[in-house]
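Here the structure is laid out as structure tokens; the discussion comes afterwards.
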Amino acid sequence: MTGAMTFELPKPAMDDFDTKSLAAEILKSLRYRVGKDATVATPHDWLAASIKVVRDRIIEHWIDSTKEAYDEGAKRVYYLSLEFLMGRLMRDAFSNLGMMEAMRDALASLGVDLDVIAGLEPDAALGNGGLGRLAACFMESMATVDIPAHGYGIRYVNGMFRQELSDGWQVELPETWLDHGNPWEFERRERAFEIGFGGRVESITAKGGRLERHVWTPNEHVLAVPYDTPVVGWRGNRVNTLRLWSGFPVDPILLDRFNAGDHIGALAESNMADALSRVLYPADSHRAGQELRLKQEYFFSSASLQDILQRHLSQYGDLMSLPDKAAIHMNDTHPAIAVPELLRLLMDIQGIDFDTAWDLTKRTFAYTNHTLLPEALESWPVPLMERLLPRHMQIIYAINAQVLLEARASDKFNDDGIRRISLIQEDGERRVRMGNLAFFGSHSVNGVSALHTELMKQTVFADLHKLYPERINNKTNGITPRRWLFQCNPGLTGLMRETIGDGFLDDIGELAGLDAFASDAAFRERFAAVKRDNKVRLANIVGERLGIKVDPSALFDVQIKRIHEYKRQLLNIVEAVALYDQIRSHPEKDWLPRVKFFGGKAAPSYANAKLIIKLANDVARVVNRDPAVRGLLKIVFMPNYNVSLAEVMMPAADLSEQISTAGMEASGTGNMKFALNGAITIGTLDGANVEMKEKVGDDNIVIFGLTAEEVAERRRNGYNPRAVIEASPELAQALSAISSGVFSPDAPDRYRDLIGGLYDHDWFQVAGDFDAYAAAQRQVDEMWRNSPGWTAKAIHNVARMGWFSSDRTIRQYAEEIWGVPV
Ligand code: 26W
């Protein structure tokens, strides 16, 4: 499919690949690793055989990288994350090792199409959205900039669900990515650790009544077994490890229970072990709250820490040097239970006193916050924690005592302040605040964009920031240009190599050299031709999958991300309805053809998000079929948005929708992927959009709407959405069409409450921003009419996005948080 647009690396990273010997290697792999002959091999067999060929090369570097870090006594980074949204790995490996073209030719000589088998590789979808994909970009960048690092997470059997649409409604189906086996991973049974839950704690006192030790005797046990996947950096520089834990029963059958006639209870631990690594919680930005989720968090945190301590002890013999040799990073609060777990291991197992252990802990951990949404901030009921993790609850009280002592001594807080700082939320049900726990247990706490970090200081962490003013810092997110430019957009990459040379492949800052070509008409035409090819590719997929015909010369306007009210897909849909109304009532006007693409999953329990998906589909059905529209507006909801679909959609977009209510999107990373592929952003001053505007320049981005301060001010001083709606005839008309059932004749009331909510409270200020958004869209129309001007702006976007590489982000983490040389 992309055969014509691929490119070859100038200097092969490792070997000179010769087609014949590579083909022979693939055949050998097919025979001896897969056990098949070419005449009977299925496409899946060829896929497995090809992966094993590249894997063999990676393993050489993997062993070297691991040994080198050991020999040098290098400090290692441990990235703890409940989510790693890796996507497909084969192309990544081919491309980073410089063997993409060689593999394509070798496979072709065997009658196999690389693109066909690459399309069979399942996405490793072990994440929900931004946070999980960030972890995956970070893994690739850490390997690229040569940082010895391990990612730690859970090997979910069922990752993110597969989304199907049934009559426009989201239906969730289990994703079974391991069905054909996973040729990338290595099981390491010998490196399993035991994880306990429940039970009781005994205090052992020595002679003289001095408290000596706490002994926790759990009453449930499971084994955490690691599966390792190599992560290869650009040009194969370094290979790091993604270690994912899987639950196994310690004893498949509890014999004492079985013999007592309790045949179901005899399987309890086996069932729990199975449940622990079965499914990823599909709620993005909403805490799960279930006991199983807390168990998952402890399971992977404890296994990872035991692994880290074992590695450290075997190399250095004692734990006093832990902070000098290990930086443990918590990706959001999901691993925050690791803070009391490390203290427990240091005190109860290693016999270290609290003060020393607390000091080691704080110097070892760092924490990243990814959201300010109150409903996403994790907290666990004290009774649940006491039952599941009784020893950890004691340690949390000890930490709390220590911190509150410091707070009182600082003289900065009254009783209310002290209450807000406490690890225990006391109003209503007593709960442990995981954000505070992660904050106290870390020497560094960071946000993911400049604005988000500022808001962290002013809002959720205001009191903690007052107590520890040095701790909060910013690390603006980034994306890996290997996957999000070189691999997903070979046409653009090839064009740029011809234009500015190969330097940008290794130093993404060199993209800036492209700026000068924005005024070169010949270059603009070639740039536009690449975009057009990418749009044709997407249009073909839309035709094949959905039977909708879209015109590649129309403006492709794309909003792809999780469905959430704060991301305001509703604002986009309402604007589409208003536009539809305008096209119908003013057929004489010179309307521009536009295709509005939507894609994204809703959390299964998030009713409004699911209703918004249905609305997009209802509006699409009516608009796409209306002859009066004459194809000028098409609406497409792409089902099952995932990493692989993003790789096709990002390069095909003209306009990138980043329209969250200001102050609510921590950073966004899709915004960066679009711009790097030459889309122009329409967006609010939220998250990293603010910094993108600074980098690409005001003329090359379309910013509209309320600022974070204005949003907050309106929330404080009263905001009257009804008056706003009544003052905007276009908006009022669109809303009344939706709520009266124009798009849902089968159920005219379907959207009454959703739209009614906008009149009554409109928490996300959809109405407040509507007029500004509609005006910004008309400004986009005008920009689009000037086609060379548009292309020039798109070129400036690409040229100025180098700073948003996750290599830059990772270097900042390394220098300013981890203390690792780069
Ligand atoms: C406990 C339930 C839960 C699950 C996931 C709470 C919160 C989350 C994540 C923090 C949600 C998330 O993915 N946040 C996104 O993180 C990205 C990477 O930093 C940012 O770019 C996005 O703006 C932010 O929404």
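All residue numbers refer to positions in the sequence shown, counting from 1. Note that the structure is a prediction, hence the values are computed from the model and not measured. Atoms within each ligand, like the ligands themselves, are counted from 1 in listed order.
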Open item on the list: Please classify the Thr333 to ligand 1 contact at 4.0 Å (heavy-atom distances, strictly less than): side chain, backbone, both or neither.
Closed with: neither
Open item on the list: Once ring-ring contact (aromatic ring centres under 6.0 Å, His included) is applied, do any residues pair with Phe161, and if so which ones, sequence neighbours excluded?
Closed with: none
Open item on the list: Is there a polar contact, in the sense of an N or O pair closer than 3.5 Å, between Leu131 and ligand 1?
Closed with: yes
- [ ] Hey, could you give me the CZ/CD distance between Arg568 and Glu665, rounded to the nearest 0.5 Å?
- [x] 11.0 Å
Task: Test of proximity, Tyr566 against ligand 1: N or O pairs below 3.5 Å - done: yes
Open item on the list: If we only consider heavy atoms of Gly687, is any one of them less than 4.0 Å away from an atom in ligand 1?
Closed with: no
Task: Sequence-distant partners of Phe556, ring-ring contact (aromatic ring centres under 6.0 Å, His included), two or more places apart - done: Phe597
Task: Proximity to ligand 1 by part of Ala688, non-hydrogen separation under 4.0 Å - done: neither
Task: Whether Gly668 lies under 4.0 Å from ligand 1, heavy atom - done: yes
Open item on the list: If you measure every N or O of Thr371 against every N or O of ligand 1, does any of those distances drop under 3.5 Å?
Closed with: no
- [ ] Please say whether His334 places an N or O atom under 3.5 Å from an N or O atom belonging to ligand 1.
- [x] no
Task: Glu665 N/O under 3.5 Å from ligand 1 N/O - done: yes
- [ ] For Asn331 and Leu82, indicate whether the former's side chain and the latter's backbone hold a donor-acceptor pair under 3.5 Å.
- [x] no
- [ ] Determine, for Arg88 against Asp92, whether the closest basic-nitrogen to carboxylate-oxygen distance falls under 4.0 angstrom.
- [x] no
Open item on the list: Test your reading of the structure: does Glu378 have an N or O sitting under 3.5 Å from an N or O of ligand 1?
Closed with: no
